[in-house]
Novice: 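Can you keep this structure in mind? I'll have questions shortly.
Order of listing sets the numbers, starting from 1, for every ligand and every atom in it. In this chain, numbering begins with 1 at the start of the sequence shown. On a predicted model such as this, the values are computed, not experimentally measured, just so you know.
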Amino acid sequence: MFLTRIAKKDMRDLLRLYFIMGSNNCQSDPKHVLEQAIKGGISLFQFREKGNAAFSGEEKYHFAKELQSICKKHMIPFIVNDDVELALALNADGVHIGQDDESAEAVRRKIGDKILGVSTHNLLEVEKAIAEGADYVGIGPIYSTETKVDAKAAQGTKLILEVRNKGINVPIVGIGGITSENAAPVMKSGGNGVSVITTISLSADPAKSARELKELIDSLG
Ligand code: TPS
């Protein structure tokens with residue numbers, strides 16, 4: 001999809017409402033949840049199939065392909081969490097990695113100009129991710145989250161502020177326990193968007209929950 005690295009401006013726009021989901025984050029059909037989330041206005045999607053009863057192998061590939069085709073139909077870029085080989089096999093739009101995965105540098109070499117995102121928890125990790133070729137960084141957990149089993153303690157928006165106070169203009173998405181009730185400080189401290197799982201994936205009305213978040217983010221400029 002991309003012939004050059006994504007421009008910062010385009011990356012910032014994609015991060016505004018970044019939905020992440022895997023099969024075990026849903027109580028109803030994930031394909032339906034994704035369709036509804038798109039209807040509500042998400043700007044980017046991450047396929048994150050891990051943890052309890054997650055699909056693997058062929059099943060994971062086919063499930064990813066189904067969700068990718070929904071994203072394609074609606075022109076929502078499709079990012080794969082952790083699994084570089086899957087991202088390449090699907091010709092996904094990008095990869096998101098954590099600190100325990102392969103280095104950003106190694107992943108950048110494998111994926112060429114696809115989007116690369118890295119989870120970060122302090123200034124050094126942010127600077128390293130940028131130097132190694134990240135297109136954006138995820139900062140969190142902003143609030144406490146039960147969705148990620150190995151999540152660190154909630155840190156609020158202080159790292160986002162620290163990065164911006166240093167004059168670093170990397171595209172930033174905040175993550176961890178975010179809902180439409182508490183998303184505003186992420187944007188006000190210099191985040192370019194919010195990334196969420198539960199508030200959309202387990203909502204009784206995912207389209208409505210996504211729309212509420214989108215309206216809030218749009219109202220903040
Ligand atoms: C863009 N991560 C940190 S907290 C969390 C995850 C998956 C759980 C959020 O769920 N940044 C990006 N992608 C990632 N996968 C991570 C960080 C890692 P909830 O919204 O239910 O609290």
Novice: Among all protein heavy atoms, pick the one closest to atom 15 (N) of ligand 1 and tell me residue, atom and distance.
Specialist: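 Ranked first by proximity to atom 15 (N) of ligand 1 is Gln46 OE1, 3.0 Å.
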Novice: Salt bridge check, Arg16 against Asp218: does any charged N sit closer than 4.0 Å to a carboxylate O?
Specialist: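 Between Arg16 and Asp218 there is a salt bridge, with a charged N closer than 4.0 Å to a carboxylate O.
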Novice: Of the side chain and backbone of Ile175, name the one, both, or neither that has a heavy atom under 4.0 Å from an atom of ligand 1.
Specialist: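 Within the 4.0 Å criterion, Ile175 contacts ligand 1 through side-chain atoms alone.
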Novice: Could you identify the single nearest non-hydrogen protein atom to atom 22 (O) of ligand 1 and state the distance to 0.1 Å?
Specialist: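 Its nearest protein heavy-atom neighbour is Thr145 OG1, 2.6 Å.
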Novice: Any nitrogen or oxygen of Ile197, side chain or backbone, less than 3.5 Å from one on ligand 1?
Specialist: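 Looking only at distances, the answer is yes, because the N/O contact criterion of under 3.5 Å is met.
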Novice: Give a yes or no on whether a salt bridge exists between Lys73 and Glu35, defined as a side-chain N under 4.0 angstrom from a carboxylate O.
Specialist: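 Here Lys73 pairs with Glu35 in a salt bridge, since their nearest N and O are under 4.0 Å apart.
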Novice: When you check the gap from the basic side-chain N to the acidic O, do Lys8 and Asp10 get nearer than 4.0 Å?
Specialist: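 Here Lys8 does not pair with Asp10 in a salt bridge, since their nearest N and O are not under 4.0 Å apart.
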Novice: With heavy atoms of Val196 as the reference, note each atom of ligand 1 found under 4.0 Å away.
Specialist: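 With Val196 as reference, the close atoms of ligand 1 come out as 20 (O).
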Novice: Could you check whether any heavy atom of Gly177 sits closer than 4.0 Å to an atom of ligand 1, since that is the contact criterion I want to use?
Specialist: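 Yes, Gly177 has heavy atoms under 4.0 Å from ligand 1.
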Novice: Step by step, would you call Ser203 with Ser209 a side-chain hydrogen bond (donor to acceptor under 3.5 Å, both in side chains)?
Specialist: CA-CA 7 Å; Ser203 169; Ser209 300; 2.6 Å; yes
Novice: Could you say whether the N/O atoms of Ile178 and ligand 1 ever approach to under 3.5 Å?
Specialist: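 There is no such contact.
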Novice: Which ligand 1 atoms, with their elements, are less than 4.0 angstrom from a heavy-atom of Tyr18?
Specialist: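 Per the distance check, 1 (C).
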Novice: Below 30° counts as parallel, above 60° as perpendicular, anything between as tilted: where do the rings of Tyr136 and Tyr18 land?
Specialist: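 The rings of Tyr136 and Tyr18 stand perpendicular, inter-plane angle above 60°.
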Novice: Suppose we measure from atom 2 (N) of ligand 1 to each protein heavy atom; which comes out shortest, and what is that distance?
Specialist: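 For atom 2 (N) of ligand 1, the nearest protein heavy atom comes out as Lys148 CD, 3.4 Å.
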Novice: For Ser119, counting its heavy atoms only, list the atoms of ligand 1 lying under 4.0 Å from any of them.
Specialist: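 Listed by number with element, the hits are 11 (N), 16 (C), 17 (C), 18 (C).
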Novice: Check ligand 1 against Ile20 and write out every atom of the ligand that is under 4.0 Å from a heavy-atom position of the residue.
Specialist: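 Here the atoms of ligand 1 in question are 13 (N), 14 (C), 15 (N).
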Novice: Contact between Gly176 and ligand 1, counting heavy atoms under 4.0 Å?
Specialist: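 Right, Gly176 reaches ligand 1.
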Novice: Among all protein non-hydrogen atoms, which one is nearest to atom 1 (C) of ligand 1, and what is the separation to 0.1 Å?
Specialist: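 Result for atom 1 (C) of ligand 1: His96 CE1, 3.3 Å.
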Novice: Please find the pair of heavy atoms, one from Gly41 and one from Leu17, that lie closest to each other, and give the distance.
Specialist: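 Gly41 and Leu17 have their closest heavy atoms at O-CD2, 4.1 Å.
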Novice: Under 4.0 Å from a heavy atom of Asn81: give me the atoms of ligand 1 that qualify, with their elements.
Specialist: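 Those of ligand 1 that fall under 4.0 Å from Asn81 are 15 (N).
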Novice: For His32, look at atom NE2 and say whether over 12 heavy atoms of other residues, nucleotides or ligands are found less than 6.0 Å away.
Specialist: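 At most 12 heavy atoms, drawn from other residues, nucleotides or ligands, come within 6.0 Å of this atom.
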Novice: For atom 19 (P) of ligand 1, what is the nearest protein heavy atom, given as residue, atom name and distance?
Specialist: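 Closest protein heavy atom to atom 19 (P) of ligand 1: Thr147 OG1, 3.4 Å.
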Novice: Inspect the surroundings of NZ in Lys128 and state if more than 12 heavy atoms from other residues, nucleotides or ligands are less than 6.0 Å away.
Specialist: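 12 or below, so no.
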Novice: I'd like to know if Lys166 and Glu127 make a salt bridge, using a cut-off of under 4.0 Å between side-chain N and carboxylate O.
Specialist: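 Answer for the salt bridge query: no.
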Novice: Could you find the nearest protein heavy atom to atom 7 (C) of ligand 1 and give me its residue, atom name and distance?
Specialist: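 Answer, as residue, atom name and distance: Arg48 NE, 3.3 Å.
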Novice: Judged by modelled atom types alone, do Ser119 and Gln99 share a side-chain donor-acceptor pair under 3.5 Å?
Specialist: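 No, because no side-chain N or O of Ser119 sits under 3.5 Å from a partner of the opposite role on Gln99.
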